[in-house]
Amino acid sequence: QAQLAESGGGLVQPGGSLRLSCAGSGFTLEYNTIGWFRQAPGKEREVVACISSSDSSTYYADSVKGRFTISRDNAKNTVYLQMNSLKSEDTAVYYCAADRAVHSANYVTSRPRDYDYWGQGTQVTVSS
């Protein structure tokens, strides 16, 4: 059974950093488009960053460009989200998701409905 598990969330001060991990089990993340999404209280789920199966293409929401970096370690079957210069508005539950369909190597999508597998989420709170 394909599963995703996020970790690495927590409480951090504004300007600080966190690295989120998304570990896959039951399937190999290497062949999938992977996305990170977040949902703050009272708001809709929104895309944060995505990476293609070949790592040749990435997508970042305007709000996180230059601060967040998505990457993967195929040997560990894990995708990461490095978050720097965190702001209070980054506070949310962060989810990773995988698109199970096979696409071209540089395919990315920012639409939540295109993703099939979702993790349970990890809370990120940015506060002084």
Side-chain angles (χ1 to χ4, degrees):
Q1 182 179 358
Q3 292 184 328
L4 297 170
E6 303 93 340
S7 61
L11 173 64
V12 63
Q13 293 185 342
S17 298
L18 282 175
R19 188 178 76 160
L20 305 184
S21 299
C22 171
S25 60
F27 73 114
T28 303
L29 293 183
E30 179 179 2
Y31 305 115
N32 300 90
T33 299
I34 305 296
W36 281 98
F37 297 82
R38 67 186 181 188
Q39 188 166 18
K43 295 187 177 181
E44 292 187 354
R45 190 169 297 189
E46 63 176 3
V47 66
V48 176
C50 312
I51 189 167
S52 66
S53 60
S54 69
D55 296 355
S56 62
S57 296
T58 55
Y59 171 91
Y60 294 94
D62 288 343
S63 59
V64 306
K65 281 181 181 177
R67 300 189 297 123
F68 290 12
T69 303
I70 188 170
S71 63
R72 70 170 86 215
D73 184 336
N74 292 331
K76 296 182 178 180
N77 208 33
T78 298
V79 174
Y80 302 100
L81 184 68
Q82 177 68 44
M83 306 186 296
N84 300 327
S85 303
L86 283 161
K87 306 175 181 180
S88 58
E89 51 262 45
D90 295 319
T91 295
V93 178
Y94 283 71
Y95 302 88
C96 67
D99 178 356
R100 66 181 176 186
V102 176
H103 299 286
S104 60
N106 61 353
Y107 172 86
V108 288
T109 176
S110 61
R111 299 182 303 186
R113 66 174 184 267
D114 290 334
Y115 290 83
D116 305 289
Y117 305 129
W118 291 82
Q120 293 300 307
T122 185
Q123 176 70 47
V124 171
T125 302
V126 184
S127 175
S128 55

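From a predicted model like this one, the values you see are computed outputs, not experimental measurements.
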Note to self: With a 6.0 Å cut-off (strictly less than), is the heavy-atom count around CD of E89, excluding the residue itself, greater than 12?
What the structure shows: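 Yes, the 6.0 Å shell around CD holds more than 12 heavy atoms from other groups.
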
Checklist line | Summary of salt bridge (Lys or Arg N to Asp or Glu O under 4.0 Å) pairs that have at least one residue in residues 21-41, sequence neighbours excluded | finding: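 Every salt bridge (Lys or Arg N to Asp or Glu O under 4.0 Å) pair that includes a residue of residues 21-41, provided the two are not neighbours, is R38-E46, R38-D90.
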
Just by distance, do the side chain of [X] and the backbone of [Y] share a donor-acceptor pair under 3.5 Å?
{"X": "S56", "Y": "S54", "result": "no"}
{"X": "N32", "Y": "D99", "result": "yes"}
{"X": "R72", "Y": "L29", "result": "yes"}
{"X": "D114", "Y": "T109", "result": "no"}
{"X": "E6", "Y": "Q120", "result": "yes"}
{"X": "N106", "Y": "S57", "result": "no"}
{"X": "T33", "Y": "V108", "result": "no"}

Is [X] linked to [Y] within one hydrophobic cluster, defined over Ile, Leu, Val, Met, Phe, Trp and Tyr using a side-chain heavy-atom separation of less than 4.5 Å?
{"X": "V12", "Y": "M83", "answer": "yes"}
{"X": "L18", "Y": "V126", "answer": "yes"}
{"X": "V48", "Y": "Y115", "answer": "no"}
{"X": "V64", "Y": "L81", "answer": "yes"}

Locate the shortest heavy-atom distance separating [X] from [Y]; write the atom from each residue and the value.
{"X": "S110", "Y": "F37", "answer": "O-CE2, 3.6 Å"}
{"X": "I70", "Y": "I34", "answer": "CD1-O, 4.0 Å"}
{"X": "Y95", "Y": "G119", "answer": "CD2-O, 3.6 Å"}
{"X": "T78", "Y": "S21", "answer": "CG2-CB, 4.1 Å"}
{"X": "Y59", "Y": "V47", "answer": "CE2-CG1, 3.7 Å"}
{"X": "S17", "Y": "N84", "answer": "OG-OD1, 2.9 Å"}

Check: Hey, are the side chains of F68 and W36 touching, using non-hydrogen atoms and a 4.5 Å cut-off?
Finding: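 No. Closest side-chain heavy atoms not under 4.5 Å.
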
Next item on the list: Find out whether the Lys NZ or Arg CZ of R19 is both under 6.0 angstrom from the six-membered ring centre of Y80 and within 45° of the ring's axis.
Entry: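 Output yes; distance and angle both within limits.
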
Margin query: Taking the six-membered ring of F27 as reference, does the cationic atom of R100 (NZ for Lys, CZ for Arg) lie under 6.0 Å from its centre and within 45° of its axis?
Written below: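 No, R100 does not sit over the ring of F27.
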
Next item on the list: Could you tell me how the ring of H103 sits relative to the ring of Y107: parallel (under 30°), tilted (30 to 60°) or perpendicular (over 60°)?
Entry: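 H103 and Y107: parallel rings.
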
